[in-house]
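Here's the structure, in structure tokens; my notes come after.
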Amino acid sequence: MTQLTATASTALAGKIICPGDKSVSHRSLIFGALAKGKTTITGLLTGDDVLSTASALRQLGVTISEPERNAKGQYIAAVTGVGLGAFAEPAAPLDLGNSGTGARLLMGVIAGSGISAVFTGDASLSKRPMQRIMTPLGRMGAEFTARDGDKLPLTVSGTRAPLSLDWQSPHASAQVKSAVLLAGLTARGKTSVTEPVASRDHTELMLRHFEVDVETTTHSDNSYTASIVGEASLTAADIIVPSDPSSAAFPVVAALITKNSAITVTGVSINPYRFGLYQTLIDMGADITISNQRVEGGEPVADLICKSSRLKGITVPASRAASMIDEYPVLSVAAAYAEGETHMPGIEELRVKETDRIALMEECLRKGGAAVTSTHDSMTVTGASTQDGGMTIDAQHDHRIAMSCLIFGLASARPVTVSGCETINTSFPEFAELMQSIGADIKNEISQNGDSI
Ligand code: S3P
């Protein structure tokens with residue numbers, strides 16, 4: 001068990017690069033596997049979630065090279081695609097670890113192929129609901145057996161000739177949208193997914209990059225439809241993965257809430273479907289300059305210059321939730337140090353992430369002295385210029401809870417200790433080292449015999 005302690009810090013400074021985007025990394029491996037030819041990925045995230053997807057794909061007969069670092073420190077890997085419908089049936093269960101994205105997207109792929117696979121995962125993934133993808137994929141012809149109805153371990157028996165589907169998703173979920181579109185790639189005719197508000201569009205962008213036609217429409221009520229025509233084929237294409245805005249969120253909030261800080265985070269994706277946190281922080285008065293905007297590998301990226309700021313509480317529009325769904329834990333930390341009340345409505349999806357993030361963040365922030373209330377779909381934090389801290393938290397297999405609590409500890413009066421920090425490797429390997437490089441006091445505790453705990 002890795003235990004980290006964050007102690008009050010000031011004057012964070014420096015220019016840093018955050019790791020590759022998790023959503024784009026999963027998709028680059030999966031879409032590369034479905035394409036004919038070789039896809040070289042530059043900037044791949046080598047977090048545990050993405051490595052779980054890579055090893056599941058290898059079990060399905062795909063060749064993926066071991067990621068190697070280039071001179072800029074980015075990881076490069078090559079995928080030799082097998083083409084649609086050509087996966088080998090895996091002899092052993094596919095263990096997706098902590099990764100909801102890996103599990104749900106691969107279930108979509110298996111559903112539209114003629115093979116069966118058993119999916120397993122860690123304690124957190126085994127509690128997460130799969131009905132949201134079982135229903136549409138079932139209508140397309142796949143069959144499922146799952147523990148407790150819709151939990152892992154779960155077996156998907158795919159069909160070689162899935163039915164096309166026009167799916168009205170009740171959730172703004174990129175995982176649901178992607179699973180259905182992936183199954184639709186081998187169906188005859190048009191498969192569409194409509195969601196109440198557009199979720200991240202990396203699947204649509206990457207399918208186009210692999211030469212599949214994708215039609216997208218945003219309707220007048222803000223709902224959104226993405227469609228593909230099946231019996232498609234994907235052509236391999238190299239990918240450049242931008243830095244993950246969900247990971248950059250941690251050093252950015254750290255710089256805002258600590259005194260005399262000024263940092264630059266370079267090459268961060270500013271994809272509009274991922275930008276909600278940054279817009280919200282700017283609305284709260286954050287000193288964030290978006291500079292050097294450019295397009296890299298088909299995704300808009302920028303350098304973010306972030307300075308200590310006096311934040312003010314606001315009501316975050318519920319319509320923004322999908323574009324910042326993974327960032328509410330760290331936003332609630334920023335809110336704890338803001339003046340006044342920050343109200344976050346429309347966030348019921350947080351209850352079915354790696355943990356119930358509304359419940360756990362409420363508990364953590366309260367332990368640290370902050371005033372928090374919640375309902376089934378909202379959280380309200382009343383901020384103060386200082387917070388007590390002094391708490392010990394168990395990360396409960398949730399990387400974003402672990403990192404959020406450590407960021408809280410960088411501005412609190414007493415240190416914050418988080419156990420179970422190995423979960424941070426899920427999305428942000430080298431988090432502690434990167435934070436230390438800008439002057440944040442985040443340390444692995446050393447026991448009396450000199451071993452790290
Ligand atoms: C993701 C979609 C989101 C997000 C997750 C990554 C993706 O989940 O929370 O971290 O890459 O498609 P939902 O689709 O459940 O909203």
Side-chain angles (χ1 to χ4, degrees), residues 19-31 44-45 47-50 52-53 96-109 121 124-125 127-137 150 167 169-182 193-207 224 226 239 241-242 244-250 269 271 273-277 299 318-331 346-358 377 397-401 403-404 423-424 426-428:
D21 187 82
K22 186 154 72 70
S23 294
V24 176
S25 294
H26 280 296
R27 287 164 175 77
S28 60
L29 293 171
I30 295 172
F31 290 43
L44 183 76
L45 171 67
D48 290 344
D49 268 15
V50 176
S52 297
T53 291
L96 271 302
N98 191 250
S99 180
T101 307
R104 293 192 176 117
L105 267 57
L106 285 173
M107 286 177 197
V109 172
S124 158
L125 184 58
K127 285 189 206 143
R128 296 183 69 182
M130 296 296 154
Q131 194 61 52
R132 53 181 60 199
I133 63 154
M134 289 166 63
T135 303
L137 297 178
D150 80 331
W167 183 242
S169 172
H171 311 281
S173 162
Q175 293 176 359
V176 171
K177 172 171 64 182
S178 304
V180 174
L181 293 177
L182 280 162
V193 181
T194 299
E195 33 187 11
V197 173
S199 63
R200 62 193 68 193
D201 66 346
H202 305 299
T203 288
E204 296 89 309
L205 295 179
M206 206 176 287
L207 279 173
Y224 168 95
I239 308 259
V241 183
D244 196 326
S246 302
S247 296
F250 298 103
S269 165
N271 178 314
Y273 299 107
R274 302 289 300 282
F275 197 66
L277 171 77
E299 291 269 349
S319 58
R320 209 179 268 172
S323 69
M324 53 184 291
I325 197 66
D326 293 335
E327 284 71 79
Y328 281 97
V330 77
L331 174 64
I347 57 171
E348 64 273 22
E349 277 294 301
L350 259 61
R351 296 216 179 263
V352 291
K353 293 295 177 188
E354 284 81 335
T355 55
D356 176 342
R357 286 180 170 162
I358 296 180
D377 69 347
H397 303 281
D398 191 328
H399 50 131
R400 299 201 201 279
I401 297 291
M403 289 184 278
S404 298
T423 189
I424 293 174
T426 294
S427 64
F428 203 153

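First listed ligand is number 1; within each ligand, the first listed atom is number 1.
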Which of these passes side chain to side chain contact (heavy atoms under 4.5 Å, CB included) with V24: V50, L205, V241?
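The single option meeting the side chain to side chain contact (heavy atoms under 4.5 Å, CB included) with V24 is V241.
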Option among S23, S25, S247, S28 that satisfies the side chain to side chain contact (heavy atoms under 4.5 Å, CB included) test with L45
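The side chain to side chain contact (heavy atoms under 4.5 Å, CB included) with L45 is passed solely by S25 among S23, S25, S247, S28.
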Strictly below 4.0 Å, N to O, side chains only: are [X] and [Y] in salt-bridge contact?
X: R357; Y: D326; result: yes
X: R274; Y: D21; result: yes
X: E354; Y: R128; result: yes
X: K353; Y: D398; result: no

For [atom], find the nearest protein heavy atom and state the residue, atom name and distance (0.1 Å precision).
atom: atom 12 (O) of ligand 1; result: R27 NH2, 2.7 Å
atom: atom 14 (O) of ligand 1; result: S173 OG, 2.6 Å
atom: atom 6 (C) of ligand 1; result: T101 OG1, 3.3 Å
atom: atom 10 (O) of ligand 1; result: D326 OD2, 2.7 Å

So, does H26 sit close enough to ligand 1 that a heavy atom of it is under 4.0 Å from the ligand?
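Per 4.0 Å heavy-atom rule, H26 does not contact ligand 1.
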Check: [X] N/O within less than 3.5 Å of ligand 1 N/O:
X: I325; answer: no
X: S23; answer: yes
X: R200; answer: no
X: S178; answer: no

Exercise: identify the closest heavy-atom pair between A198 and A322
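Closest pair (atom of A198, atom of A322, distance): O-CB, 3.8 Å.
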Looking only at heavy atoms, what is the nearest atom pair of S246 and D244, with distance?
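Result for this residue pair: N-OD1, 2.8 Å.
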Taking only heavy atoms of A174 into account, list the atoms of ligand 1 that are under 4.0 Å away from them.
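So the atoms of ligand 1 that pass are 12 (O), 14 (O).
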For ligand 1, is any non-hydrogen atom under 4.0 Å from K353's backbone (N, CA, C, O), its side chain (CB onward), both, or neither?
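It is the side chain that gets close, since no backbone atom is under 4.0 Å.
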